[in-house]
Amino acid sequence: NAITTDEQAKFIESIAEDSIHGIIYFATTLDLFAARIIDGVPSKPEFILSTPRGYFQSLQYSQTGLWASNRYHVYLINDNKVARQWDFENEGRFIFDLFVDSNENVWFSQDGSREAKCITKDFQIKRFAVPVGPGNGVNVIRESKEGILAGSPGTGNYLFIKAHTASIV
């Protein structure tokens, strides 16, 4: 069963699922959609948000809601409406990765930044300096049982770990 839209740009950038309510979220370059899945059959997608000057890169679903990154912004979406928004334009270029850890913290990386950033479950912004090589930045963040992993392109230092016991500044 295919989910289709009337939108011109069909390139899907990211997908997330609310498995409790049976909703698939997907983002094209400019637009965000939701489709309910009932007995394995998707509904017609509902348009949620458009960002004509933006670029959706990442979606993650958590108990808090749907998290979306678009250009320099991180959005928290509840009931298909923007509940909160953060602007990181002055801290680097586009945000291209979001990750929700086991404590419901939302980690993200931003092109041109040497930090792993985190929005805590109580919506505080935390930062973790990552000692990447010159000219590099953090481009992916994930979690292992030992801690938070941050990856960087380039040669030399390219994979870092922040143990769960280490503090965040």
Side-chain angles (χ1 to χ4, degrees), residues 1-113 115-127 137-144 148-153:
N1 293 318
I3 299 173
T4 60
T5 68
D6 296 329
E7 185 184 277
Q8 295 288 335
K10 302 291 186 191
F11 189 86
I12 293 180
E13 294 288 340
S14 190
I15 301 168
E17 179 184 20
D18 171 355
S19 60
I20 293 171
H21 298 103
I23 301 171
I24 299 293
Y25 295 96
F26 63 98
T28 62
T29 305
L30 304 176
D31 297 323
L32 177 61
F33 298 91
R36 289 199 173 277
I37 308 297
I38 301 170
D39 296 327
V41 179
S43 67
K44 179 173 172 42
E46 177 183 346
F47 172 80
I48 297 175
L49 179 65
S50 183
T51 56
R53 292 185 50 232
Y55 194 108
F56 282 104
Q57 290 275 297
S58 187
L59 299 175
Q60 289 281 301
Y61 194 83
S62 74
Q63 294 175 10
T64 311
L66 178 67
W67 294 90
S69 71
N70 187 295
R71 204 166 161 196
Y72 315 112
H73 299 92
V74 174
Y75 298 96
L76 172 59
I77 297 168
N78 295 112
D79 299 319
N80 293 347
K81 293 181 179 36
V82 176
R84 295 189 75 137
Q85 175 180 336
W86 294 265
D87 184 346
F88 296 94
E89 184 170 3
N90 295 326
E91 299 185 37
R93 294 182 290 273
F94 60 92
I95 296 168
F96 47 64
D97 186 54
L98 294 174
F99 177 74
V100 180
D101 72 15
S102 58
N103 292 315
E104 291 288 312
N105 298 309
V106 178
W107 291 86
F108 60 98
S109 55
Q110 189 170 10
D111 188 37
S113 175
E115 295 179 324
K117 296 180 177 97
C118 174
I119 300 172
T120 65
K121 62 183 174 185
D122 59 350
F123 305 120
Q124 301 297 310
I125 306 298
K126 304 289 183 179
R127 292 166 173 79
V138 177
N139 70 327
V140 64
I141 301 170
R142 293 296 181 265
E143 181 178 30
S144 75
I148 299 297
L149 305 171
S152 172

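We number each residue from 1, following the sequence as shown.
- Here the side chain of S69 pairs no donor or acceptor atom with the backbone of L98 at under 3.5 angstrom.
- Side-chain atoms of Q57 never come within 3.5 Å of backbone atoms of F94 as a donor-acceptor pair (strictly under, hydrogens ignored).
- For the pair P45/F26, a side-chain contact is recorded, criterion being any heavy-atom separation below 4.5 Å from C-beta on.
- One distance of note links CG of N103 with CD of E143; it measures 7.0 Å at 0.5 Å rounding.
- N105 contributes atom CG, which lies 11.5 Å from atom CD1 of I141 (distance to the nearest 0.5 angstrom).
- With S43 contributing its side chain and R36 its backbone, the two residues share a donor-acceptor pair below 3.5 Å.
- Looking at heavy atoms from C-beta onward, I77 lies out of side-chain contact with Y25 at the 4.5 angstrom threshold.
- Atoms CG and CG, from L49 and L32 in turn, are 6.0 Å apart once rounded to the nearest 0.5 Å.
- You'll find the side chain of R71 stays beyond 4.5 Å of the side chain of T51, heavy atoms only.
- Not counting sequence neighbours, the partners of N139 by the side chain to side chain contact (heavy atoms under 4.5 Å, CB included) test are F96, P153.
- Side-chain contact annotation: S50 with D31, donor-acceptor N/O pair under 3.5 Å present.
- Ring geometry for F123 against W67 counts as tilted: the plane angle lies between 30° and 60°, on a 0 to 90° scale.
- In this structure the side chain of W86 reaches within 4.5 angstrom of the side chain of L76, judged on heavy atoms.
- Side-chain contact between L66 and D18 is absent, with no heavy-atom pair separated by less than 4.5 Å.
- A donor-acceptor pair is defined here as one N or O able to donate and one able to accept, closer than 3.5 Å; such a pair exists between the side chain of D87 and the backbone of E89.
- Applying the salt bridge (Lys or Arg N to Asp or Glu O under 4.0 Å) test to pairs two or more places apart or on separate chains, those with a residue in residues 96-111 are R93-D111, D97-R142.
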